[in-house]
Each structure stands twice: as structure tokens, then as C-alpha cells.
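All of these numbers come straight from a predicted model, not from anything done at the bench.
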Amino acid sequence: MIKVLKSGFFTSIQDIGRFGFRNKGVPVSGAMDTNALRKANSLLENSPKAALLEITMTGPTLLFEEETYVSLSGAEMSATLNNLPIDNYKVYKVKKGDIISYGRLTNGFRAYLAVKNGLESNSVLGSSSQYFPLTSRKCISDGDQISFDPILHFEPKITELKIDFYYKEKDLKVSKGPEFDMLSDDQLESLFTKEFSIAKENNRMAYQINELIDGHNVTMLTSGTLPGTVQLTPNGKLIILMKDGQTTGGYPRILQLNQEAICVLAQKKFGDSFSFNLY
């Protein structure tokens with residue numbers, strides 16, 4: 001069992017997400033940065049579907065009431081085990097009474113904490129990912145207790161991975177969206193020559209962008225969207241849908257981020273800059 005002494009800004013239980021329900025309006029959800037999730041779980045030889053903690057901007061303080069092994073990935077948040085610094089992409093043994101806590105955010109935006117064999121949490125539509133109102137809450141709270149199977153002994157095949165600084169990448173790889181051909185030459189030039197920055201309105205649902213491009217007067221039927229879909233509003237605002245984003249939308253879908261680009265964007269915060277790179 002993990003007792004949550006402090007929950008942090010927004011810490012939630014996530015896995016790879018829930019699939020097959022978008023036709024019923026259910027978002028995929030799951031880890032915003034699947035690259036970080038995959039690496040944390042792989043170090044512990046967990047199932048790729050194992051649930052872990054996604055930690056946003058400010059980390060929690062966690063008391064472990066049973067023994068296990070953990071690994072950290074994603075953003076760098078000055079994590080400590082019993083006040084001693086611990087690093088991303090390594091395997092650590094945690095004993096009963098040990099405390100993992102987080103300090104200052106130094107790189108990236110979302111960190112991940114995996115436990116051997118994954119966290120135990122109620123599964124809804126095949127996933128433990130927290131998404132309100134499908135699940136009872138959207139994130140964990142102070143005083144929560146999170147279950148896991150205690151592990152007394154584990155000899156990992158790999159104890160450490162090379163630190164990956166992919167979150168410093170500024171180019172987001174995109175492909176053409178369904179309404180890409182409606183774009184004018186001026187709009188295309190702006191999209192692929194300008195540098196954009198993250199607006200303060202950014203969360204697991206969508207990232208809004210500060211800079212505008214030329215608007216449009218296109219009307220269209222509400223159509224399907226995906227995580228990574230880039231929408232263009234009539235006034236020229238760009239909105240990038242993320243893992244908890246709606247499943248349909250009425251704005252032109254001009255670009256689509258690939259999975260790598262979604263991971264990169266998930267590690268960016270208010271004010272961080274990036275460019276679109278068509279491939």
C-alpha cells in the first residue's frame with residue numbers, strides 16, 4: 001500500500017488508456033507521455049498495460065507501507081527516496097516506511113512513477129486510467145491509499161536506461177489532417193515557418209497555442225478527432241487535442257501529431273515553444 005501524504009498539483013493513475021469506445025464518446029485517456037510510461041514499466045519488467053502514477057508539474061509525497069521496486073521516468077522533478085536524490089530510468093528497492101517525494105521541476109512537465117507489477121486500481125472499460133466522470137475522480141488526493149502487490153525480491157535484467165532528453169525537442173512531427181487542403185498559402189507559410197508557444201490553457205484535454213494564424217469561414221459537420229489532432233478555429237487559434245480530449249469536433253482538423261510528437265508536447269508547459277514539422 002502507498003499512503004499519499006501530499007498529492008501534488010495533479011497526480012493521477014494512468015495506464016496505456018482505454019480503446020474501442022470512442023464511438024460512444026469515451027476518450028482514450030491514459031498516460032500523456034506513453035514513451036515515459038513504456039520505459040518505466042519496461043525497467044520493472046511490467047506488462048505494458050501496467051498502471052502507474054502520472055505526476056504533473058509538482059510532485060507528491062508518498063509513504064510506502066510495503067516493500068517493492070520502483071522506477072521513475074519523464075520530467076525531472078528532483079525526486080528523493082528518504083531525502084536522498086534518485087534518478088530517472090533506474091530501478092530502486094523501496095522498503096516499508098520509505099518515503100518518495102518530489103522537489104523543484106527542472107526539465108519537462110510530467111513525471112512517471114512505476115511500481116513492480118503495477119498499481120492496483122479499479123478498471124473501467126478495460127483501463128485503470130482516471131478520467132472523471134467515467135471514474136469517480138480525476139486524480140488522487142491527500143490521504144489516499146493506493147494498492148500494489150508487495151515484492152520482496154526482484155532481480156531486473158536491466159537496472160538502468162540512458163536518460164532520454166526527448167522532451168527538449170522543439171520540432172513536432174505532424175501529418176496532414178483531413179481538412180489540410182483548405183489552408184491558404186499564407187496559412188501554410190505561418191504554420192511551418194513560425195515558432196509557436198503554449199498558452200496557459202493547457203491540460204490533459206487540449207493544449208491551446210498563443211500565436212494566431214489567419215482565420216477561416218469554413219463550416220463543416222462535427223467529425224471524429226484523435227489525440228494529437230490540431231484544430232483551427234475561425235479566428236485563427238490553434239488547439240491541439242490531447243489524451244482526454246473530446247472524440248468529435250466541428251473545427252477543421254488541419255494537422256495530426258504522431259505518437260512521438262504527442263509525447264514531446266506532453267512534456268511542455270506554459271510558455272514553452274515549438275514548431276510543426278510536416279513529414
Side-chain angles (χ1 to χ4, degrees), residues 7-19 22 26-42 46 48-60 71-77 79 88-89 102 105 107-114 118-119 121 127-132 134-135 137-140 164-170 172-174 196-209 225-231 238-247 255-272 274:
S7 59
F9 170 69
F10 193 99
T11 304
S12 62
I13 298 173
Q14 300 293 336
D15 53 26
I16 61 171
R18 50 182 59 88
F19 300 92
R22 291 186 67 81
V26 179
V28 171
S29 297
M32 291 274 277
D33 183 350
T34 54
N35 178 50
L37 172 144
R38 178 179 57 82
K39 290 186 175 182
N41 275 330
S42 66
N46 287 349
K49 298 180 180 180
L52 43 55
L53 290 179
E54 177 178 272
I55 300 159
T56 303
M57 190 171 71
T58 302
S71 63
L72 285 65
S73 65
E76 296 178 311
M77 291 187 182
N88 284 355
Y89 307 110
Y102 289 80
L105 174 69
N107 283 302
F109 193 50
R110 288 181 171 87
Y112 294 83
L113 171 63
L119 301 174
S121 182
S127 171
S128 297
S129 293
Q130 289 185 305
Y131 170 72
F132 183 81
L134 192 63
T135 58
R137 290 188 299 170
K138 62 183 180 180
C139 59
I140 66 172
D164 191 346
F165 294 103
Y166 62 93
Y167 44 73
K168 294 184 178 181
E169 178 63 54
K170 285 197 170 186
L172 299 185
K173 294 181 180 179
V174 296
F196 298 96
S197 60
I198 308 298
K200 66 177 183 292
E201 300 85 6
N202 68 86
N203 53 38
R204 285 185 50 85
M205 292 185 67
Y207 271 46
Q208 295 191 34
I209 308 308
T225 59
L226 294 168
T229 295
V230 182
Q231 296 179 304
L238 297 170
I239 300 172
I240 306 176
L241 301 183
M242 299 300 280
K243 291 300 183 72
D244 287 348
Q246 73 268 18
T247 60
L255 299 172
Q256 179 66 44
L257 274 65
N258 68 8
Q259 188 59 52
E260 176 187 347
I262 294 173
C263 294
V264 171
L265 184 61
Q267 293 294 355
K268 296 196 180 301
K269 58 189 180 299
F270 169 53
D272 286 350
F274 68 90

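At distances below 3.5 Å, at least one donor-acceptor pair connects side-chain atoms of Q256 with backbone N or O atoms of P227. Between the side chain of Y207 and the backbone N or O of K268 there is at least one donor-acceptor pair closer than 3.5 Å. At distances below 3.5 Å, at least one donor-acceptor pair connects side-chain atoms of Q130 with backbone N or O atoms of I13. Checked by atom type and distance alone, the side chain of E54 pairs as donor or acceptor with a backbone atom of M32 at under 3.5 Å. Under a 3.5 Å cut-off, the side chain of T225 and the backbone N or O of T247 do form a donor-acceptor pair.
Summarising the geometry, atom NZ belonging to K39 is positioned 11.0 Å from atom OG1 belonging to T34; distances are rounded to the nearest 0.5 Å. Distance CD1/I209 to CD1/I240: 4.0 Å, rounded to 0.5 Å. A distance of 12.0 Å separates CD1 in I262 from CG in N35, rounded to the nearest 0.5 Å. L52 CG to N46 CG: the interatomic distance, rounded to the nearest 0.5 Å, is 8.5 Å. Note that the CG atom of D272 and the OG atom of S197 stand 9.0 Å from one another [nearest 0.5 Å]. Atom CG of L113 and atom OG of S71 lie 7.5 Å apart (nearest 0.5 Å).
When side chains are defined from C-beta on, R18 counts as touching L134, because their heavy atoms get closer than 4.5 Å. When side chains are defined from C-beta on, N41 does not count as touching P48, because their heavy atoms never get closer than 4.5 Å. Using a 4.5 Å heavy-atom cutoff, the side chains of R110 and F10 are not in contact. You'll find the side chain of N88 reaches within 4.5 Å of the side chain of E76, heavy atoms only. You'll find the side chain of Y102 stays beyond 4.5 Å of the side chain of T11, heavy atoms only. At a threshold of 4.5 Å between non-hydrogen side-chain atoms, the residues F109 and M57 count as touching. Side-chain contact between V230 and L257 is present, with at least one heavy-atom pair separated by less than 4.5 Å. Annotation: side chain of L72 is not in contact with side chain of M77 (no heavy-atom distance under 4.5 Å).
Nearest heavy atoms, L226 versus L241: O-CB, 3.9 Å. Across all their heavy atoms, S129 and S29 have their closest contact at CB-CB, 4.1 Å. Between M242 and R204, the shortest heavy-atom distance links the atoms CB-O, 3.3 Å. Smallest separation of non-hydrogen atoms from A206 and I239: CB-CG2, 3.9 Å. R137 and T135 get closest at one heavy-atom pair: O-OG1, 2.9 Å. Across every non-hydrogen atom of Q267 and D33, the tightest pair is NE2-OD2, 2.9 Å.
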Checklist entry - Taking it one step at a time, do V28 and R22 satisfy side-chain contact (heavy atoms from CB on, under 4.5 Å)? => result CA-CA 7 Å; V28 171; R22 291 186 67 81; 3.7 Å; yes
Item to check | side-chain contact (heavy atoms from CB on, under 4.5 Å) between D244 and K138, worked out | outcome: CA-CA 11 Å; D244 287 348; K138 62 183 180 180; over 6 Å; no
Checklist entry - Run the side-chain contact (heavy atoms from CB on, under 4.5 Å) check on K173 and V264 step by step: do they pass? => result CA-CA 10 Å; K173 294 181 180 179; V264 171; over 6 Å; no
Checklist entry - Step by step, would you call D15 with K49 a side-chain contact (heavy atoms from CB on, under 4.5 Å)? => result CA-CA 6 Å; D15 53 26; K49 298 180 180 180; 5.6 Å; no
